[in-house]
Structure formats: structure tokens, C-alpha cells
Amino acid sequence: MTAITTTDPGVVCVLADDELKSLDAYWRACNYLAAGMIYLRDNPLLKEALKPEHIKKRLLGHWGASPGLSFVYVHMNRLINKYDLDAIFLAGPGHGAPGVLAPVYLEGTYSEIYPHKAEDAEGMREFFKQFSFPGGIGSHCTPETPGSIHEGGELGYSVSHAFGAAFDNPDLIVTVVVGDGESETGPLATAWHSNKFLNPVRDGAVLPVLHLNGYKINNPTILARISHEELRKLFEGYGWTPYFVEGSDPFEMHQSMAATLERCVGEIKQIQKEARRTGKFERPRWPMIVLRSPKGWTGPKEVDGHKVEGYWRAHQVPLTGVQSDPARLKQLEEWLSSYRPQELFDADGKLVPSLKTLSPKGARRMGSNPHANGGLLRKPLKMPDFRNYATKVCEPGKLMLENTYSLGEFLRDVMKANSANFRVFGPDETASNKLHAVYEATKKTWLAEMLPEDSDGGELSPDGRVMEILSEHTLEGWLEGYLLTGRHGFFSTYEAFVHVIDSMFNQHAKWLDTSNNIKWRAPVSSLNLLITSTVWRQDHNGFTHQDP
């Protein structure tokens, strides 16, 4: 498969030979570390021939998506350095942690947070051993992963989390890699519409990278098996401008990705610059990337005559039985040696200086960006005194009042006092839930087409701060991303339909529970969820809207 450089034939190579070789070497280091995490518990630098005792007793992990993830991460590093970008990275593929842990380790963030995983041979050994190991870390981008706000254990929420992080973060670029298996989920399908709610004047940007490696666990994926033209039309229909990077030759793909990513970041900056210069609220067609690369890229091409690279067999552990089969052990050694680790790491196990310079510095490293540890940036809400919203009851049984109406007045004043770090979320039910007083402070976010009649009580505005879409999943994802990057929010929905996000909320609660035991994770704000249309109200919505 040869590389196809974007949809614009005018894009040319942007990497000089030296930069191309260095970028590829850095990526090779990522791939070496990713494979090492899955297989090795000793001999991390291959200073001696591999022996069965160097191999983990139980091989766990997911190789297939990891090279593509680190490929995107490394190319984002290049542009962070070039343009001093403020960027974070979200990995949608569920078990893609090796492809993220590797570049986070190479940039130095991991060793700073976990000193016993130092940037040396012993630290690398510990780094390898802990992965998918009892008492170690899981194969997702868990809260223990620096730079992560999205675990990906339950698929479909990466894009909504990314947009939640971008709202009210005008200088932030959220790069989110979407797995092609994940792209088949309902929550992910609705999340593509988030681009109709992103205001280029006051919000940051989301750059999705749809990673088509062709397969799920052992089935092809839908979007990888439709034509290039149909795929392009699909995302143009969603309102995006898709650019394609497709191929398997690493050097050609590096050139293609560098040119495409450069173009996308340039378009993002131009969209924002023009919107902020004029103050006009118009919906842009944001860029996105479709990255088509082999599953298990750079791994074993065949095992026992069966295709592995570019097929579903590369999804998890592509080479099994290495502890007991000398031929398999030899094949593993040849695979790991193909990355030429002696060129990448010095005798002490440190990344060689010429490659270390490719990592961003300080908080510009995506593993160290404070937006991915949002509690560090969180500011307390300016809160009105709730006592001022109390209803005076002079005589029992004489006063009729809807309790959520008073809450709406309270939320209205919270929104007035916190115009950049508080939003209200709901699936077309803000007014239905009698919270409509919030519209006195702000309107509903809407950047799609506006009709003349929308000005007659429609409460629609490009700069509104009430978030409504009829997808509880998308709303919950927006809110979670907003909270995890240090802001505050409120979500209301009907009792019977809150179950749509039951498991999604559970995943968020698990994230918080784990984070509570991680000292370097700063606490984030609570997720405030109001459940309405309860069992006690039988007069209108009835049984369908209730959960008695």
C-alpha cells in the first residue's frame, strides 16, 4: 500500500532527510517500548540473547493500535515544538495504552511522576514489568497514565470528552484518536455533531484522527471497508473537512502525516484568528484526519504462515508461545531487534540526546499538560447564597410552587457569576424541567443554521452556554471532559432516561475512585446530576418517563 497524501495533491514533503530519520527513530523507540511492555520482564535493552526467563509468564496487552497511536503522538510533538502549541492527547482505542505510555515515558513525564521507572535500564525494566501485571497497571490509558483524561475502557466517548475539554479553553488543541472499532458505537456517531457547538471565538479546537487499521478483535470494521469516496462524503456530511493519510511505508507516511497535520493545525489557527478578529459567530468546517495504517504496523508480518500485520491477528498479542517454543522466541527477538534499540538508547538505557530534543519541554509535553490534570487549574465557583432563593411559607397548603423553578433562578445567577467555567447540560429538557430562568443569563449554544423565527423565544445563540442535544451520551461526555479539565457543570434529565448513561457514569465514577488514590492527581469538580419527572408525578409524562 503506498501513501496518499491528503485530499489536496498540492501538499508537498515538509520533512528534511535528517528530521525524517530522527522522527522515524523516535517512533521506532515508541514501538520498541510498546512491544517490550507486552513481552519483557527482564533484559530490556536486549544486551544478551533472549531467554525464556526474560519473558513474562502470562502475555497480555494489545499491540494492534499502539503503533498508530504513538505515530500521531510523535507528530503532534513536532508541531508543539514548532508552534508552541498547548495540546493534549486522547486515545480512543480501548486497550491502546502501550502506544501512549511509550511516548510519555520518552518525554520524561513518566519518570518524573514515578521515579522508580527512571530513564535508565533498570527503570525501563520496571516500566516493562508493571504493564498488565499484578499490582501494576492496566492496558487502558487509566488515571495512572500521565496526560490522560480518557481511559477508553468503554468505547464511544473519546470525541465527546475531547469537545468537553475544548469548550471555554480558547488556546487548547485536543487531538483525539478514534479507533475504527469505536467508530461503530452509537455514542461516537452522535459525537461527530459536536462540531456544531464549538465556537471558534471562545473555545479551543478538537482535531480528530480516525485511525482505520481495519479490524476489531477478529472482525473487519465497517468504516475500513467502505470506499474512500463514501468515507469522505460521510465526514463532509457531518460537517468536517477530512484529510487522508494512507499507507504502510514508514518514511512515506511520516512525510504525509507531517504535511497533513501541518495543514490541519494551520486551518485551525486561521479559523480562530479570523473569528476572533471579526467577532463573527459562524460555524466553520473544522479539519479532521483519516489515518489508514496496518493493524500491528511494524510487527510480525506472518506467524506460522498466517498473516498478522494488517490483519486481526495483530490485535492483542501477535506472537504467543514464546516461553516454550525456541523458534517463536527467536522470532520475537528478531522483531524487537528490528527497531535497533542500540541506536535509540545509550548503554545506560537513556534515549540518545539527538532524539531527546524531539520531546517538548515542561508543561508543553502532552503527558505534563495541566489541562489533563484539571484539578490543578480548577477555580472555585462564585456562588450566590442559596438562602436567597428560599420560598417563604406563611401558611401550610396555601402556596403552589415548582421546586425546579427556584433552582433555575439559582443556576441563572451561578451562570452570570461564572461566565467561563460553568455550563448547564440537558437533552432538550432545560425548559421542560422548569429551569428556563437560566436563559436570562445565557442562551443555548447553536452554531448550525438559524431561521428568522428562531429569534422569537428560541433562545438560540452561537455564544450561548446552555448545552442541549438529544443524546445523553454526548452531553455526559461533554460534561465529563469539561470537569476533568478543571471546570464545573450541571446536568438534568428525566428519571427513566438517565439509564442511557448508567454505564458511562459508572466509568467516570471508577475514574474518580482510582484518581482519589493517585497523589499527583488534583481533585476535580463533582458531576452534578438532577433527575426529574420522578415517580411521584403521574399526571403528565407517566410511566414511560419514570423509573419507580
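Please read all numbers here as calculations on a predicted model, not as lab measurements.
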Look at the aromatic rings of H95 and H62 and report parallel, tilted or perpendicular, splitting at 30° and 60°. parallel
Within 6.0 angstrom of K361 NZ, more than 12 heavy atoms from elsewhere: yes
Please identify which of these residues, L90, T485, V176, meets the side chain to side chain contact (heavy atoms under 4.5 Å, CB included) condition with H161. L90
Could you check whether E472 and Y494, counting side-chain N and O atoms only, form a donor-acceptor pair closer than 3.5 Å? no
Backbone N or O of V201 within a donor-acceptor pair of the R276 side chain at under 3.5 Å? yes
Run the numbers on K216 and E184 for salt bridge (charged side-chain N to carboxylate O under 4.0 Å, His left out), then give the verdict. CA-CA 10 Å; K216 303 184 282 283; E184 297 176 6; 3.1 Å; yes
Side chain of D203, backbone of P170: donor and acceptor closer than 3.5 Å? no
Please say which of D168, V466, T442, L479 ends up in a side chain to side chain contact (heavy atoms under 4.5 Å, CB included) with R423. D168
Please check this pair: side chain of K295 against backbone of Y215, looking for a donor-acceptor N/O pair closer than 3.5 Å. yes
Nearest heavy atoms of P146 and T109, plus distance in Å: CB-CG2, 3.7 Å
Distance check, rounded to the nearest 0.5 Å: W240 atom CH2 versus L210 atom CG? 11.5 Å
Indicate yes or no for a side-chain donor-acceptor contact from S419 to the backbone of K416 under 3.5 Å, with no hydrogens or angles considered. no
Output the distance between atom CG (L460) and atom OH (Y439), rounded to the nearest 0.5 Å. 9.0 Å
Is a side-chain donor or acceptor of T185 paired with a backbone partner of E182 at a separation under 3.5 angstrom? yes
CD1 of I226: more than 12 outside heavy atoms within 6.0 angstrom? yes
Are C141 and E151 close enough that some pair of their side-chain heavy atoms sits under 4.5 Å apart? no
Below 6.0 angstrom between ring centroids: does that apply to H150 and Y157? no
Can you name the nearest heavy-atom pair linking H473 to M504, along with the distance? O-CE, 3.3 Å
Please report the closest heavy-atom contact between A162 and V206, naming both atoms and the distance. O-CG2, 3.6 Å
In Å, rounded to the nearest 0.5 Å, how long is the span from CZ of R365 to CG of N369? 11.0 Å
Using atom types as modelled and distance alone, determine if a side-chain donor or acceptor of S525 lies under 3.5 Å from a backbone N or O of R487. yes
For the side chain of T278 and the backbone of E274, is there at least one donor-acceptor N/O pair under 3.5 Å apart? yes
Does a side chain donor of either E236 or T241 reach within less than 3.5 Å of an acceptor in the other side chain? no
Mind listing the closest non-hydrogen atom pair of Y73 and G367 along with its distance? OH-N, 3.3 Å
Once you measure the plane-to-plane angle for W520 and Y114, does it fall in the parallel (<30°), tilted (30-60°) or perpendicular (>60°) bin? perpendicular
Compute whether any side-chain donor of one residue and acceptor of the other, for E154 and S503, lie under 3.5 angstrom apart. yes
Heavy-atom closest pair (G426 atom, L475 atom, distance to 0.1 Å) is C-CD1, 3.3 Å
Show the numbers, then the answer: is there a salt bridge (charged side-chain N to carboxylate O under 4.0 Å, His left out) between E449 and R283? CA-CA 9 Å; E449 182 183 6; R283 180 168 70 93; over 6 Å; no
Rounded to the nearest 0.5 Å, what separation is found between the CD atom of Q507 and the CG atom of L155? 10.0 Å
Worked check of side chain to side chain donor-acceptor pair (under 3.5 Å) between T474 and T190: CA-CA 7 Å; T474 300; T190 58; 2.9 Å; yes
Taking everything shown except W192 itself, do over 12 heavy atoms lie less than 6.0 Å from its CH2? yes
Whether S432 side chain and E429 backbone form a donor-acceptor pair below 3.5 Å: no
Out of F167, F163, W478, Y482, which residue meets the ring pair (Phe, Tyr, Trp, His ring centres under 6.0 Å) rule with F197? W478
4.5 Å side-chain heavy-atom contact, R378 and P523: yes
Evaluation steps, salt bridge (charged side-chain N to carboxylate O under 4.0 Å, His left out), between R292 and E246: CA-CA 5 Å; R292 193 189 299 268; E246 303 174 292; 2.9 Å; yes
Kindly say whether D463 contributes a backbone atom to a donor-acceptor pair with the side chain of S461 at under 3.5 angstrom? yes
Residue pair H436, T430: steps toward the side chain to side chain donor-acceptor pair (under 3.5 Å) verdict: CA-CA 6 Å; H436 48 279; T430 305; over 6 Å; no
Which of F490, Y405, Y389 passes ring pair (Phe, Tyr, Trp, His ring centres under 6.0 Å) with F410? Answer is Y389
Any side-chain to backbone donor/acceptor pair from R364 onto L85? Under 3.5 Å, distance only. yes
Taking every heavy atom of G489 against every heavy atom of L483, the minimum-distance pair comes out as N-CD2, 3.6 Å
Point-to-point distance, once rounded to the nearest 0.5 Å, from CZ of F235 to CG of L223: 5.5 Å
Would one find more than 12 heavy atoms of other residues, nucleotides or ligands at under 6.0 Å from atom CG of D456? no
Is it the case that T532 and N433 place a side-chain donor and acceptor less than 3.5 Å from each other? yes
Just how far is it from atom CE of M383 to atom NE2 of H488, taken to the nearest 0.5 Å? 9.5 Å
